[in-house]
Protein chains: 2
Amino acid sequence: MATSARPQPPDLRFDPRPEPTIRDVARQAGVSTATVSRVISGSVAARPQTRARVLAVAEALGYRPSAVARSLKLRTTRTLGLLVTDIQNPYYPEIVRAVEDAALERNLAVLLCNGADDPAREETYLELLVDRRVDGIIIASSGLQERHGAWLARRSVPVVLVNWAAPDLPLPAILGDNRAGGRLATEHLLSLGHRRIGHLSAPARNAAAAERLGGIGDALAGGGLDPGSLVVVEGDGQVAGGERAALELLERMPEITGIVCYNDLTAIGAVRALRARGRQVPADVSIVGYDDIALSAWVDPPLTTIAQRTSEMGRWAVRRLGELIGRADGAASGDGSRMEATGDGVSGSLGPPPVILPVELRVRASTAAPRESP
Amino acid sequence: MATSARPQPPDLRFDPRPEPTIRDVARQAGVSTATVSRVISGSVAARPQTRARVLAVAEALGYRPSAVARSLKLRTTRTLGLLVTDIQNPYYPEIVRAVEDAALERNLAVLLCNGADDPAREETYLELLVDRRVDGIIIASSGLQERHGAWLARRSVPVVLVNWAAPDLPLPAILGDNRAGGRLATEHLLSLGHRRIGHLSAPARNAAAAERLGGIGDALAGGGLDPGSLVVVEGDGQVAGGERAALELLERMPEITGIVCYNDLTAIGAVRALRARGRQVPADVSIVGYDDIALSAWVDPPLTTIAQRTSEMGRWAVRRLGELIGRADGAASGDGSRMEATGDGVSGSLGPPPVILPVELRVRASTAAPRESP
DNA sequence: CTGAAAGCGCTAACAA
DNA sequence: TTGTTAGCGCTTTCAG
């Protein structure tokens, strides 16, 4: 048996060999702890001899300064909290990766918090992060304002938003140009000759969904179609919801030839639904996704989609948090990213407008001209 | 412009309103900090009146004890490190989720470390975790022993392994029964009538790959076929590698009707390759994946695959780490999970053998009887 | 039941 | 260049 019934038999415990402290090093090197501290941090020059001795002892002992003690003293933990909606949604690992890369560059650690679509859990995490005195929090969980607006308003830690913006709070935010994305997707279908277009959206509380819908309307109007006639069915941003919604869309609009989806997962669900109803993609119906998650290139057919600059978002968020914290510790310097900010600049008391990143149409194989072009 | 050129204009900084400390509470409540500490932690009973007063003040001030100070004093950070191979590989978010859930239950935080397939980065993280004095480390990154065996051997923190086992180190580990998985996948193909079977594996340094291959051999032998005749092509555990490898497999074995893949990603690549060569799945060739990631149900065709008990692994890892740490703080109690341990028990000096979790064949639509059943 | 005091491991004045 | 000292915010003896 690997799992014994006895609670913690002795051999289960890890040998608690304690880490050497700065005093151990100081003692063995015959200097004061202050000197060790200086040598290790390199903040103040020490006599080469002393320096060498301290370093040697530290090395021999395997001394590693305690970040805990240092945090207490320095009042900074060099740790970021990252709260995401749902780590199992393939979009979020991309953000996580981007944030983590940027953080590691500045040797910040990231406490990952997976909201798992549960407001109570989100709150637990928000408090946990404050308790742990993280230097800043990155929230990639749209709609958090509705659920925790009060907390956000009285927060005691810098917060930046990724992939959404809080409508009523002066929080720095970065997100893709959702309106343009919706428009691009739709224009693509129009240019292929589609005229009977539907939309699979996300729950209305999702601001991005509304924006994208707006963009779709823009494109329709631009193409001389009536935006009011667009049939919209609400999905849930997941495959299952996309499938369900697509089925309904087919009932309500059997003659449909093009579908713009809220995201790639929804699009994948739509493809499944269409197949289940005997329609080919793209031969019978074209489908456009959104986000360009890795997955979208792997499915059959590979999805035409709107690409977001996810890694740029992560990078920006970490950098921005660095500015807010004020500790000018930069492995900073230009990473070559140029970001175009839109917004009227008349931001009232709401602080600078969110940074809006351009999006891009990525044409793959889920779209084609409709069977009978008019 | 959202991003100003001036470095950190004043309005960019976050108002550093400091958190109230235990002394603030003590002062306002007219008691000593010791009393506040006792009331907050509930460790020692206080006079109801005092208690109420302290709680009221704490509430009013929005006092949240500093986990940093507490960590220093208590010599425990209530934080776990989780090192994964690649967060962008959809298998890992499932582990992350499981670990995180289990950790949150015991209110432990998780420092996420994404190795990103980079040994140097892994090492950086290992040291970072030690510096931060995490209470334990979960490593879900197979093959780490080859890269960081020395570090693992002299580690000063409890470590448990998830989804792999270190051959030469006495580290607690939990993983799926890879040999059985390989066997199950193959037996499934055999039972459908397949006789010309190939295998798309992962790099040989991957111990799981070897085990699975062994299982395939077992099944072949059991079915009266010569295991030596199995054609194996090495992929990379990703879609791209699977695609490449499948193409090669087709060249070397054009008459193939069944393919066992190292994992689902490889299987997805194989499906793509087959299609590219004009072969239908499963009509012409059947494909079996491994892992049962969410994705495998969404692709076309939905993958027949081997399911691992990922969330059980995560849960176990956290629990086991709790035992190793010895701090008997349990939101513990039975979570109903029963795990069957195999292994001969003759573990020599290598500690208890790894916990081996059973795996399960999940039949979907990527497998069928071969066209011409013999 | 409560307070005084020491100390977790580190850094930063301030002196020397 | 180096040592002494105080203190970050908390918990925990030890007295009272």
Side-chain angles (χ1 to χ4, degrees), chain A residues 16-55 57-58 61-79 130-135 156 327 329, chain B residues 16-55 57-58 61-79 130-135 156 327 329:
Chain A
R17 171 162 56 91
E19 295 282 335
T21 75
I22 198 172
R23 291 190 43 179
D24 299 324
V25 178
R27 196 158 22 216
Q28 281 212 34
V31 297
S32 73
T33 60
T35 297
V36 176
S37 175
R38 290 180 196 118
V39 168
I40 299 286
S41 74
S43 58
V44 178
R47 194 153 45 108
Q49 232 179 70
T50 323
R51 196 182 118 80
R53 197 148 27 93
V54 168
L55 254 21
V57 173
L61 259 39
Y63 171 66
R64 308 248 56 190
S66 161
V68 175
R70 188 179 285 187
S71 291
L72 182 59
K73 178 69 192 178
L74 265 22
R75 326 176 62 85
T76 167
T77 51
R78 299 206 66 82
T79 303
V130 171
D131 289 354
R132 284 162 185 272
R133 303 294 191 266
V134 293
D135 293 338
S156 57
R327 219 193 314 87
D329 54 15
Chain B
R17 169 163 57 90
E19 295 282 335
T21 74
I22 198 171
R23 291 191 43 179
D24 299 322
V25 178
R27 195 158 24 219
Q28 281 214 35
V31 297
S32 72
T33 59
T35 298
V36 176
S37 174
R38 291 182 193 117
V39 168
I40 299 285
S41 74
S43 58
V44 177
R47 195 153 45 108
Q49 232 179 72
T50 324
R51 196 182 118 82
R53 196 146 29 93
V54 169
L55 254 20
V57 173
L61 259 39
Y63 171 65
R64 307 247 57 186
S66 159
V68 175
R70 189 179 284 190
S71 291
L72 182 58
K73 179 69 193 181
L74 265 23
R75 324 175 64 85
T76 168
T77 50
R78 298 207 66 81
T79 303
V130 171
D131 289 354
R132 286 162 184 271
R133 303 296 191 264
V134 294
D135 292 338
S156 58
R327 218 192 315 86
D329 52 15

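Keep in mind that the numbers below use all heavy atoms, side chains included, and drop hydrogens, waters and symmetry copies.
With hydrogens and angles ignored, a donor-acceptor pair under 3.5 angstrom links the side chain of A/Arg38 to the base of D/dG3.
The nucleotide whose nearest atom lies closest to any side-chain atom of A/Leu74 is, among C/dA6, C/dA12, C/dC10, C/dA12.
The shortest heavy-atom contact between A/Leu55 and A/Val39 is CD1-CG1, 3.4 Å. Considering every non-hydrogen atom in both B/Val31 and B/Thr50, the closest pair reads CG1-CG2, 3.7 Å.
For B/Ala46 and A/Thr35, each mapped to the nucleotide of DNA chain C holding its nearest heavy atom, the one lying further toward the 5' end belongs to B/Ala46. Between A/Arg75 and A/Val44, it is A/Val44 whose nearest contact on DNA chain D lies nearer the 5' terminus.
Taking atom CZ of B/Arg23 as the reference point, atom C1' of D/dC10 lies 12 Å away to the nearest angstrom. A/Arg51 has its CZ atom 12 Å from the P atom of D/dT2, to the nearest Å. In this structure, B/Lys73 places its NZ atom 11 Å from C1' of D/dG9, rounding to the nearest Å. The CZ-P distance, from A/Arg64 to C/dG9, rounds to 17 Å in whole Å. What separates CZ of A/Arg132 from P of D/dC8 is a distance of 22 Å, to the nearest Å. Counting to the nearest Å, the P atom of D/dC8 and the CD atom of B/Glu19 are 16 Å from each other. At whole-Å resolution of the value, CD1 in A/Ile22 and C1' in D/dT2 are 14 Å apart.
A sub-4.0 Å separation between OP1 or OP2 of D/dG9 and a side-chain N or O of B/Ser66 is absent. Between B/Thr50 and C/dT2, a side-chain N or O to OP1/OP2 separation shorter than 4.0 Å is present. A sub-4.0 Å separation between OP1 or OP2 of C/dT2 and a side-chain N or O of B/Arg47 is present. Between A/Ser32 and D/dG3 there is a side-chain N or O to OP1 or OP2 distance below 4.0 Å. OP1 and OP2 of C/dC10 both lie 4.0 Å or more from every side-chain N or O belonging to A/Ser37.
Considering only heavy atoms from C-beta on, B/Ser71 stays 4.5 Å or farther from B/Arg133 through its side chain.
Note on A/Val31: only backbone sugar-phosphate atoms sit closer than 4.0 angstrom, heavy atoms only; bases stay farther off.
Defined by atom type and a distance below 3.5 Å, a donor-acceptor pair is missing between the side-chain atoms of A/Ser156 and B/Arg64.
Residue A/Lys73 holds its NZ atom at 10.0 Å from OG of A/Ser37, rounded to the nearest 0.5 Å.
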